[in-house]
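Notes follow once the structure below has been shown.
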Amino acid sequence: MVEERAERYDFKEIEERWRDFWGERGFFRAPTSDIEKKFYYLNMFPYPSGSLHVGHGRNYIIGDVVTRFYLMRGYNILNPMGWDAFGLPAENAAIERGIHPRDWTLDNIANAKEQFRAWGIEYDWDREITTCLPDYYKWTQWLFLKLYEHGLAYKKKATVNYCPTCDTVLANEQVVGGVCERCGTPPEQKTLEQWFFKITDYADRLLDDLKTLDGWPENVKKMQENWIGRSVGAEVTFHTQDGEEIVVFTTRPDTLWGATFMVLAPEHPLVDRLTTPEQRADVDAYRAQAAKQTAVERTSTEREKTGVFTGGYAINPVNGREIPVWIADYVLMTYGTGAIMAVPAHDERDFAFAIKFGLPIIPVIARTDGRTKSYIPAGSADDAVEEALREAKFHFEKKEDGLYLTMDADRADEYAKIVQKHLKLGSWTETAGGRWLFIFHDELIEFDSVEADCAIMEHCHALDDKSRKYRTVMEMMSSFPFYADVLFHAEHGKIINSGDFSGTPGEQATEKVISWLEKTGKGKAAINFRLHDWLISRQRYWGAPIPIVYCEKCGIVPVPEKDLPVELPDVEFIGKMGLADIPGYAETTCPICGGPARRDTDTMDTFVDSSWYYLRYISAKNDEVPFVVEDVNNWLPVDQYVGGVEHAILHLLYSRFITKALQDMGYVNFSEPFKRLFTQGMVCHMAYRCPEHGWLFPSEVKDGKCPHCGRELEISNFSMSKSKKNVVAPAEIIDAYGADTERLYTLFMGPPDRDIEWSEEGVRGAFRFVNRVWTLVVTNAERVAAAPTEEFDPTALDDAGRSLWRRYQRTLKKVTEDIEGRFNFNTAISAIMELVNEAYRYVDDGGDDGLVRAVIEGLILILSPFTPFVCEEMWRRIGHEDAVLDQAWPEFSETAIVEEQVEIPVQINGKVRARVTVPMEIASDAQALSEYVLANEAVSHKLDGKKVVKAIAIPGKMVSLVVR
RNA sequence: GCCAGAGUGGCGGAAUUGGCAGACGCGCGGGACUCAAAAUCCCGUGGCCCUCGGGUCGUGUGGGUUCGACUCCCACCUCUGGCACCA
């Protein structure tokens with residue numbers, strides 16, 4: 001098709017030509033005051049670490065595509081960028097290199113900006129923010145003061161997680177899986193005076209408002225929901241024998257009558273007073289041991305329960321029963337009240353604990369399935385029992401060692417009567433699960449209370465010496481595997497064995513008990529959260545100083561707003577240090593009395609910096625206020641927020657909290673900062689690991705073997721990271737194929753919310769496509785430039801032309817909808833590829849100049865968000881002098897997409913047996929379509945004379961025939 | 001253990017509302033161009049069977065609903081992520 005060789009695609013030259021063009025033309029500068037058709041697109045701002053790899057690029061490339069798309073659609077789109085620049089990695093890197101973290105950070109920022117430039121990713125750089133610079137952290141400190149003013153920042157002595165490696169305390173959220181999120185060290189427990197933000201005040205709203213976030217991924221909302229961990233239940237007050245109160249939180253007040261013991265956290269303040277002299281040594285030893293344990297050890301579910309008896313007793317307020325008080329490390333001081341009532345019959349943990357320590361277990365909630373089991377040991381009943389049971393229609397399994405029965409609870413009493421008649425002297429059996437009866441030769445005892453437990457055990461001990469090793473009925477039954485699945489359940493069901501409340505149906509149980517508790521003053525409805533207040537003090541240098549002064553006379557004094565920022569002292573960076581290590585920093589005067597005072601020497605958690613940055617972009621340069629209220633209210637909430645799912649809890653929860661707090665203070669008029677959220681997947685790549693020499697660069701690997709020892713390597717896919725040596729540098733790709741190719745491939749390789757694997761072959765495929773487009777355009781450039789510009793009539797075209805025109809319209813629709821709605825850039829690109837394939841065939845055969853012009857111009861425009869450099873170049877090559885971004889996004893017409901005829905598959909008895917080409921006007925009518933198809937020769941041939949029982953025609957789609 | 005999400009050719013993935021499974025791309029096979037190679041272009045490409053018309057199986061497994069199921073329902077398996085002694 002190409003007579004003379006087409007001009008080569010010189011991506012280096014092209015990209016160099018346009019690299020600064022868009023920025024210079026100011027396309028990406030958004031006016032703050034103009035709020036018509038606004039769209040606030042935001043990428044989570046990066047932490048400026050070493051260098052960006054192609055995986056990082058994904059996030060920003062997506063943003064750039066969306067921004068360019070909305071620009072062409074006439075929106076005022078704001079897409080700003082900044083730097084989350086405070087934090088430990090900068091300090092650690094600075095220590096390693098012997099430089100100041102500020103220099104390291106600012107260097108990285110400069111590099112990253114250069115990287116964005118190479119990628120063709122444009123921002124409104126006039127709004128750049130850098131959290132480690134005083135013009136930003138001044139306002140982070142302002143935020144702290146506002147929270148303090150409104151009682152949302154407070155200082156308290158608390159047991160906190162302290163990471164010995166990072167030399168600082170950690171927020172609850174920064175302890176992941178029991179270890180420090182950053183370095184993997186199990187944190188130590190320390191008691192320190194620290195600053196907290198009162199996020200728990202907002203727990204309910206943070207949870208409830210998740211329902212309003214329709215544009216958020218379900219999994220992120222679920223993660224936040226779990227994190228907040230709202231539990232509804234009651235607080236019940238128990239008293240010790242000495243009259244001391246022990247308040248417990250429970251989600252199951254309906255099980256109160258089954259509370260046969262209590263457990264306190266080892267750290268619980270009452271433990272000392274409860275402990276009797278005889279138990280003192282055991283208790284002290286246990287507490288010392290518990291204190292030493294790391295969180296990981298202590299919270300392992302696998303672990304067997306441990307604990308000791310305090311010697312003290314409490315009174316169960318519902319039945320006046322005396323119950324022992326134990327301490328155990330499975331009860332956490334940090335949740336609820338640090339004390340629980342143990343209901344072993346209906347709580348798995350309490351059950352395990354009670355079995356281990358021989359504490360009584362009394363069922364107080366009926367099984368909903370009524371499943372009841374019984375075992376009659378061989379020789380314990382006479383031979384007639386089998387016949388009698390069979391006659392009464394009880395099903396059982398006979399094994400060598402006895403009869404195994406499973407029945408419904410309703411028939412347990414009938415069963416007991418039958419069996420009792422046949423029991424031999426000195427034997428017994430029992431029913432367990434739906435009904436609890438102990439059947440002795442001379443007596444039937446219902447297992448419904450601690451007294452019954454004792455009476456039954458007494459009986460058994462008298463009859464069988466072997467039963468003496470069991471302390472409780474449940475312990476005895478649990479030794480027998482057949483019963484294992486009926487001894488314990490945690491379902492809601494009818495209350496039993498609970499005095500006047502017995503018989504209360506499951507649905508009403510909790511509610512009824514709570515109102516009774518409230519009436520009698522024994523307890524009240526209560527809600528508990530897993531969420532804790534946010535600990536924000538950090539004992540490190542590289543953060544925003546907490547703007548607080550301590551005066552001997554005036555106490556805690558906030559630094560007046562006019563004195564902000566409290567600047568980080570500009571000292572030589574000498575390694576791991578906090579502000580407390582800097583001589584003179586703390587010394588100051590009290591803003592109130594002028595007397596000597598000391599500054600707080602902690603800095604704020606970096607998540608404070610990032611919890612409000614999306615507001616600052618609106619007024620990035622304003623030095624009077626953190627943000628202009630009207631402008632922020634106009635621009636926010638963010639229309640589309642995009643970032644990694646790793647921030648699902650920390651950053652997003654904190655930002656939502658700060659927004660709500662600012663709303664309550666009257667600074668913003670919205671309650672959620674991010675209307676829509678998209679979490680992009682990670683980019684993975686092969687990583688090679690030698691069992692002896694660790695991670696290897698792909699370039700070092702020879703035939704899958706280690707270059708040092710020749711050993712077979714472990715090859716697996718991991719998200720790109722420096723430590724695994726599997727990162728691909730953008731420069732490698734840009735040098736070899738250009739930034740357009742990298743952008744296109746990154747978007748084409750898969751749906752953006754999923755993890756994807758980077759492949760060199762895939763990059764070449766994208767490069768090939770860009771080349772194909774280039775060749776198509778430059779070989780037709782003169783023709784397009786010379787073609788008539790007026791509208792042409794698509795109906796006047798030949799078949800191939802009309803087909804291409806429809807394809808073009810269909811592509812416009814698909815690309816528009818894929819970018820706007822689903823973020824499915826991969827399918828948008830494949831549609832453009834199909835268009836290019838068809839366009840090639842068309843121009844090969846000559847074709848209509850007007851159509852070629854329309855298609856090529858449109859092609860360049862819809863491809864331009866993906867590959868902006870080459871599109872800008874091609875746009876000029878076909879005779880334009882203005883820029884792509886000056887053009888409107890092409891509109892499509894639904895009517896132009898409609899095909900003239902369609903191939904309708906015909907199903908006969910559910911299988912496609914024929915295809916019939918049907919004119920559209922017939923295919924769009926169900927009746928006409930089925931008649932047309934039935935009249936078709938190929939179809940009637942397939943019918944083979946059989947009778948059509950039913951014909952279902954779906955207009956434009958298919959026909960389904962049922963024949964007999 | 002609990003809660004999400006996923007499972008489709010050799011590979012990445014598509015099928016947007018229950019309507020032609022495998023679009024598009026990679027890889028592979030064949031061909032053209034070339035002294036040759038690379039690049040590029042064209043053709044083919046789920047498995048099995050075939051008389052070359054087609055037939056048949058096929059979307060993790062087993063059931064079900066339906067004229068029709070990758071899609072909906074039930075049960076299960078595997079993988080990924082989050083939480084995990086949270087009372």
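Here the structure is a predicted model, which means the values were calculated and not measured. Every chain is numbered from 1 and lettered A, B, ... according to where its sequence line falls, protein lines coming before strand lines.
Comparing G750(A) and A339(A) by the nucleotide of RNA chain B that holds the closest heavy atom to each, the one mapping nearer the 5' end is G750(A). When each of G338(A) and M958(A) is assigned the nucleotide of RNA chain B bearing its nearest heavy atom, the one mapping closer to the 5' terminus is M958(A).
Using a 4.0 Å heavy-atom distance criterion, N219(A) is classed as a sugar-phosphate-only contact. Within the nucleic acid shown, R772(A) comes within 4.0 Å of sugar-phosphate atoms alone, with no base atom in reach, counting heavy atoms only. The residue G229(A) sits apart from the nucleic acid: no heavy atom pair falls under 4.0 Å. The residue P217(A) sits apart from the nucleic acid: no heavy atom pair falls under 4.0 Å.
A donor atom on one side chain and an acceptor atom on the other are not found under 3.5 Å apart for E834(A) and T811(A). Between the side chains of R754(A) and Q680(A), not a single donor N or O lies within less than 3.5 Å of an accepting N or O.
Straight-line distance from the CG atom of L863(A) to the C1' atom of C24(B): 14 Å, rounded to whole Å. Between the CG atom of D755(A) and the C1' atom of G13(B) there is a distance of 14 Å, rounded to whole Å. Rounded to an integer number of Å, the gap from CD of Q907(A) to P of C20(B) is 8 Å. Atom-to-atom, CD of E218(A) to P of U80(B) comes out at 23 Å; the value is rounded to the nearest Å. Nucleotide G13(B) holds its P atom 9 Å from the CD atom of E757(A), rounded to whole Å. For the pair M223(A) CE and A84(B) C1', the interatomic distance rounds to 14 Å; values are reported in whole Å.
No cation-pi contact links R764(A) to Y737(A), judged by a cut-off of 6.0 Å to the six-membered ring centre and 45° from its axis.
Here Y745(A) and W758(A) bring their ring centres to under 6.0 angstrom of each other. Ring to ring, Y654(A) and W534(A) are close: their centroids are under 6.0 angstrom apart.
Distances shorter than 4.0 Å separate some side-chain N or O of R768(A) from OP1 or OP2 on G27(B). At C3(B), none of the side-chain N or O atoms of K222(A) fall inside 4.0 Å of OP1 or OP2 (strictly under the cut-off). Checking the phosphate oxygens (OP1, OP2) of A87(B), no side-chain nitrogen or oxygen of N528(A) falls inside 4.0 Å. Between A23(B) and N837(A), no contact under 4.0 Å exists linking OP1 or OP2 to a side-chain N or O. S231(A) has a side-chain polar atom (N or O) that falls below the 4.0 Å cut-off from OP1 or OP2 of A87(B). For R913(A) and U56(B), the shortest distance from a side-chain N or O to OP1 or OP2 is below 4.0 Å. Not one side-chain nitrogen or oxygen of R754(A) sits closer than 4.0 Å to the OP1 or OP2 atom of C79(B).
The CD1 atom of I228(A) sits 9.0 Å away from atom CG of D204(A), with the distance rounded to the nearest 0.5 Å.
Taking the P atom of each, G18(B) and C70(B) are spaced 13 Å apart, rounded to whole Å. Nucleotides U71(B) and U8(B) have their C1' atoms positioned 12 Å apart, rounded to a whole Å. Nucleotides U61(B) and U78(B) are separated by 10 Å at their C1' atoms, to the nearest Å. When the P atom is used for both A69(B) and G63(B), the distance is 14 Å, rounded to whole Å. Taking atom C1' on both nucleotides, C72(B) is separated from U59(B) by 16 Å, rounded to a whole Å.
Side-chain proximity of T250(A) to the nucleotides A87(B), C85(B), A14(B) is greatest for A87(B). Comparing atom distances between the D329(A) side chain and each of C85(B), G82(B), G19(B) picks out C85(B) as nearest. Side-chain proximity of F748(A) to the nucleotides C20(B), G12(B), G27(B) is greatest for G12(B). You'll find that the side chain of S830(A) is closest to A23(B), out of G25(B), C83(B), A23(B). Each of G27(B), G19(B), A87(B) was ranked by its minimum atom distance to the side chain of K957(A); first place goes to G19(B). Of the candidate nucleotides C20(B), G25(B), C83(B), C83(B) has the atom lying nearest to any side-chain atom of R530(A). Picking from C20(B), G27(B), C67(B) the nucleotide with the shortest atom distance to the side chain of V962(A) gives C67(B). Closest contact between the side chain of V331(A) and the listed nucleotides A87(B), C20(B), G19(B) involves A87(B).
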- Query: Is there a ring-ring contact (aromatic ring centres under 6.0 Å, His included) between W774(A) and F11(A) once you walk through the steps?
  - Reply: CA-CA 10 Å; W774(A) 171 259; F11(A) 56 87; over 10 Å; no
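Using N1 to N3 plus N6-O4 or O6-N4 for Watson-Crick, or N1-O2 and O6-N3 for G-U wobble, each under 3.5 Å, C67(B) pairs with G19(B).
Look at G9(B): its glycosidic torsion is within 90° of 0, and that puts it in the syn range. The glycosidic torsion of G53(B) lies within 90° of 0, which places this base in the syn conformation.
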